[in-house]
Structures are given as structure tokens and as C-alpha cells.
Protein chains: 2
Amino acid sequence: MNEGDTPRRKVTSFDVAERAGVSRAAVSRTFTPNASVSPETREKVHKAAKELGYRVNYLARSLINRRSDLVGVVAAGMDNPFRSQQIHEIAKALVGRNFRPILLPADEAESVNRMMDQLLHYNVSGVLVTSDAPPTALCEEFAAHAIPIVLINKGDAIAHVDRVISDDETAGRIAAETLLEAGATRLAVICGAEVSYTARRRQEAFLATCRGLGASAQAMPVAINDYGNGFAAAAAAADFDGLFCVNDYMAFGVIDGLRAAGRDIGKIRIVGHDDIPQAAWAAYDLTTLRQPCDIQAEQAVELLLGRMDAPRMKERTELTPVTLIRRATA
Amino acid sequence: MNEGDTPRRKVTSFDVAERAGVSRAAVSRTFTPNASVSPETREKVHKAAKELGYRVNYLARSLINRRSDLVGVVAAGMDNPFRSQQIHEIAKALVGRNFRPILLPADEAESVNRMMDQLLHYNVSGVLVTSDAPPTALCEEFAAHAIPIVLINKGDAIAHVDRVISDDETAGRIAAETLLEAGATRLAVICGAEVSYTARRRQEAFLATCRGLGASAQAMPVAINDYGNGFAAAAAAADFDGLFCVNDYMAFGVIDGLRAAGRDIGKIRIVGHDDIPQAAWAAYDLTTLRQPCDIQAEQAVELLLGRMDAPRMKERTELTPVTLIRRATA
DNA sequence: GATGCCATTGTACACGTGTGCAACGCCTGC
DNA sequence: GCAGGCGTTGCACACGTGTACAATGGCATC
């Protein structure tokens, strides 16, 4: 049909060099920052490159540079709006620094393993993990290759693996104080038993604060922190007038569950965590602790960059600050 | 400190070959499907590889193979739960077929351009687009390089660019029929004016069906299809008793807006679109049209695979089927 | 005019892999 | 015993790029 019919060879730096009447090295240098090229040749090269539609092959470049600018993002629980927002922010932060995120969904521990293994084949410049933490042996392998790993909201301390964690101590404390100030007297915290380290820390800080203030508080364990478990837990929450839900997603379930049970929401104080967009919606209007995942993403990328320069440095932990967002429920 | 102290050279196929006492070609063949290697050497190679922690370097491989198994995913609107769920399913579908998704957020048209350009540097095996469609010139460049592009829920017909589109005709028709069957007499459809092709098609099918059945129906334009605009639109919806919201996300806003205005939700029929998880929540319990984004992701990847084999084939359009999910609101 | 410095350029090697080609050895069938 | 076939193997080249090194030329300084 048209000219593209014969799948023409990819245009390489050789083609550009020939057309511009310079050596191939000059072409390479033109597209390499801080390389020594005269303005004239640079001009000629750019002209020829544009005419031919030349693009530097980053894969070939990475072969010699030993850095691909690809960053693995191993993610779980993207059905939760907070988690997917987190992925979004991480991707934006990475792209902003000229990295390319490879998104690998890994909901089970076994697939985390497989995905991380895949990444070793791609010479990634680093890995961000929001799923379960990879096994220590695998982390050591990454460390041996000087590939930084940063865990987000995971507890496991692993050698040479940085972490960024939400300030759960403060979150738990503020949640307790807020409920008490609002007049609650019989408090409870609803939290998944078998789940995230960070949610459990919030629960503990909450309970500790209550103990410290001599207030009545109790833990209501559920399986995992989602809408359905929140809804179900609401039925058993009849004895309490102040509830801390360790994430908003579950808080919505609790609120709907309370309504379904005919309880007056006005009489019961609720504090959530994360401040996902839906928390501001009229149906819930939830008082909650904002976990700024844009800032968190920046912190994670920053840690990544730091470790690229010093792979054997002792592992660091960065805290993401939380803020109370006051709305109707407390 | 320990042995990893000196950042030891990456282990290559040379190292494995030496240790296994075979040629490097034998190593390569061992890790290449359908290559001719005797069971004995394969055994030796695997043993040596395991001992050394060898991994094939996919970037180097892609250089010679001319295919990287990387697939660009250009995405917009990840704040909308449906869109992010879509990304999740796409990522899963790609990983399932042994591709690696590069996630590039591109909310403005200009950044779509930039991201697509980036992808050309990475020799991607294909591109999936859920953001704005890339400009035709850029698409042609991809076609010239025989890189498949698949647009998801975008209208623009571009040469050699496949599309998968939700069955909006059916969706609009069923929405109208459902509202009428439920007893509504004064219908309206709420839809963003400057937005997605696919949402507008739903609106048109809805209005056409109403016209065909001699029912009263009207369009209520808003700016974009999100919660806030839905909430605001509810105030002006006093004259209607049957509403079709072109996506669930906005339907929630409409429902909350109606409640805030003191209207009795029981008296007004509402149908949404997408069936995001929140639609099943007790607070909304929304009757809606399910757009199965797992199936849609599969279709998209299938189109991608098809075009890899036949890059110059005429562009195809695949329709994603929709299903009515009956809940409380209609 | 000779000397030294500096910016620029080209040559040549390296990065880690897949595979065509020819050579080799083993087995089968006559 | 020998021809022919087939499964394996190794050599060598290719993929597209960055950069060390030496060479070149221009300019300022003595």
C-alpha cells in the first residue's frame, strides 16, 4: 500500500551519522548530557535525527550504562481506592524523575516472589513495594546487585532495605483524643487481624493512648480491612459510641452497617484513616486522618535515589506525617 | 563488611558457561524455548546457573530479538475507581501473557504526547491507551515501527489502530428500558459535555431509545463525569423521576445531592454505568450496567497480540458486552 | 615562530545476548 | 563397511549504544 509497507529497518545512530556527515560517536554525544560536542555538529545531528525520526534506543544504552531507569512497582490490593491512588502517585513521582515504572500486581505472597524475580531480569534501577514484603533471601540478592528496594507501609526490617511508613503512632493517638474530645466514652478500634503491619500499629497506639488517659477502649478484630468486614462488624458495635476504623474503606462499611442496623449515626463518633476522596462525600462525610500518598511517594522515590548512591548504607525509615481532617463524624 | 562489599560483576552467560564446562551458546540455548540442547548439558547449565545466581538479561536479549516484551500503558483519570480498576486488570492480563506493563500516567493531552514519545525509546512490544488518544502523526510512527496500539473506550478511528469499546448502544438502550419498566415517566440522562466518546455514545443511545418509545427524555449536561458535578446536577433534577448517570462515580454524587436536597430516593429511579465495587454498597445499592473490565482487558491484549502478527492489517473494533445489575435504585 | 593548552573528533572496544553456519559424532539401513 | 541423516555443539557475527584514548586543530602565550 504505502511506503511503510516494507517494515523498514529501525533507524540507528549510524544512519544519523551518515546523513549528518559526522562520526557515530558525535551522534551519541549529542544525545548524552554533558558530552563534548561543538554547536555546529550538534545542530547537524539534530537536523538529521529529526528528518529520519531517530530515537535513542534506551535498551541498548542501558546495556552499556548498566542502568535502565526502569523501576519495579510491586503492588497489591488495587481494589482499595487508597492503594490504587498510591500507585498513581508513585507512578507520577517516578515519571517526574525520569524513571519508568513497571507495574506488577502481586496479591499473593507467592506472586510477589515471582514478580521480584522477573525484575532481576530487567536490570531495574530500583523496586518499590506496596504488597507483602519479599522474602529476605530475595532482598539480599537485590542488595548484592546494588538494586535499591523501598518498602511502603511494611514492617519487616531487612538489611539494606529502606522503608517509608505512615506515622501510625500519631494517627492512633490523635484518633483516640479526637473521639474523646467529641464526647465518646466507650471506645473501640476495628482492625484486621492478619493484615498490614501499619494498621496494627495504629491500633496499638490508639489503645495505648486510651489506657494512658484512663478511658475505656477495646479492640474489635475482623479478618481484613475492607467494606464487607466493616459492614459486618457494625452489628457487634452496639456497645460503643466511639469507633476508630483503621482505614476509610472499612469505615464506610461500618457506617452503612450501623445505618442498616437502624442506629443513629449522629450519636456515634467515628474516625477513619487515609482520607480517600470518598471520605469527603456527603454520604459519609467522614472525619479521618489524612495519609498524604503524594508526599509518601516522593519520600519513597527520595529514599530510592539515596540508596542508588550508597547501596551498602544502613537501612533508613522515613515517617509520613498524618493530619486530622475534621468532618461530620467526630 | 561482608562479601557483597565489593560490588561484584554481574554474572553473565560466560561465567555460567565456564563453570558448566560448555560453550556460551549452550547456555543461551538452555534458556531459549525450543532450542536444541541435550538433556545433559541443560542439566549442567541449570546447575551452574543456580549456583552463580545467573539470570538472563532481558534487555540484552531484546536487543537481538527486537522485542522487549514491555508494553506501554498510558492511563488517565486514575482517581476514578473504575479507571484504576481497569489499569489493575490490564496489568494482570499483560503479566499473565508474560508482558511487562510500563505504567505512564498522562492526564493532559500534552503529556500523552510526551509519554508515547518515551515509549518509542524503549522498543515496546505494544501500547494500551486509556487516556486521550495520541495524535494521528504519532500513531503512524508507531505503525511504521510495527508497534501495535490499542485504544480502550476511545472514539477516534485511526489507521492500523485497534480499539475495544464498551457496548454503549446496548447500555443506553437497557438503561432507558429499565427506567421505563420501573415506572419512570420523565427521564433524563446526566453526561459530561467535553468528555469521553464512550459516555456520549451511551447518552445518545439512551435518548434514541426514549424517542423510539415515545417517552419524554432530556439531556442534562455537566462539565465532567465526577462526584462533584453529579452532586451539583442533582439540584436541577427536581423535574425528573428517572435518571441515567453515564458512570457510577457520578451517580453517587447525584444520589447524595438528591438526599441533601431532601428528595425521597425511593421515588426516583436511577441507573448507573460500570458497576464499580462501591455500587453494591448499602449506602447506594445502585442499579447499574456492568462493564466487565477484566474481559475488556483480555480483549485489548488479544487485539494487541493479533496485530503483532499482522501489523498492517485493517484496524478492528471489539465490543465489550454489558450486563444489567439490578439493585435497589431501579 | 615555537610551545602549551583546550575543545572537538574519530577509532575501537565493551555491554550481554541470540542464532546461522559448519563441523562433529552417533545411529540406522543398506 | 559405508552412506546418509539427525541431534548437538562451538565459532563468529549481529543487535545499538557509550566512552577511553589518541589524534587533530585552533588559539593564546612566551
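Reckoned from all heavy atoms, side chains included, excluding hydrogens, waters and symmetry mates. Throughout, protein chains are lettered first and strands after them, A, B, ... in sequence-line order, and every chain is numbered starting at 1.
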Between C/dT17 (C1') and A/I64 (CD1): distance, integer Å: 14 Å

Under-4.0 Å salt bridge between B/R97 and B/E298: yes

A/S62 side-chain N/O to D/dT17 phosphate OP1/OP2 under 4.0 Å: no

Ionic contact status for B/D117 with A/R55, cut-off 4.0 Å: yes

For atom NE2 of B/H145 and atom P of D/dG16, their distance in whole Å: 12 Å

Sugar-phosphate, base or nothing in reach of B/R42, heavy atoms under 4.0 Å: nothing

Charged N-O contact under 4.0 Å between B/E40 and B/K44: no

Short side-chain N/O contact from A/T12 to OP1 or OP2 of D/dG16, under 4.0 Å: no

B/D15 CG - C/dG16 P separation (whole Å): 9 Å

Value in whole Å for how far the P atom of C/dG10 lies from NZ of A/K44: 8 Å

Short side-chain N/O contact from B/Y122 to OP1 or OP2 of D/dG16, under 4.0 Å: no

B/E51/B/K47 ion pair, N-O < 4.0 Å: yes

Nucleotide C/dT9, atom C1' - distance to CD of A/E43 in whole Å: 18 Å

Interface with DNA chain D, restricted to residues 26-37 of chain A and to heavy atoms under 4.0 Å: A/S28, A/R29, A/T32

Ring centroid separation A/Y54 to A/H46 under 6.0 Å: no

Presence of A/S23 side-chain N/O under 4.0 Å of C/dT9 phosphate oxygens OP1/OP2: no

Atom-to-atom span, CG of A/L59 to C1' of D/dT17 - whole angstrom: 11 Å

A/R24 side-chain N/O to D/dG18 phosphate OP1/OP2 under 4.0 Å: no

Any donor-acceptor N or O pair under 3.5 Å, side chains B/E89, B/Q296: no

Length of the line joining A/N57:CG and D/dG18:P, which is rounded to integer Å: 9 Å

Rounded distance (Å) that lies between atom C1' of D/dT19 and atom CG of A/L63: 14 Å

B/R66 vs D/dA14: side-chain N/O to OP1/OP2 distance below 4.0 Å: no

Distance-only polar pair, side chains of B/N57 and B/K10, donor-acceptor under 3.5 Å: no

Side-chain N,O (A/S38) to OP1/OP2 (C/dT9) below 4.0 Å: yes

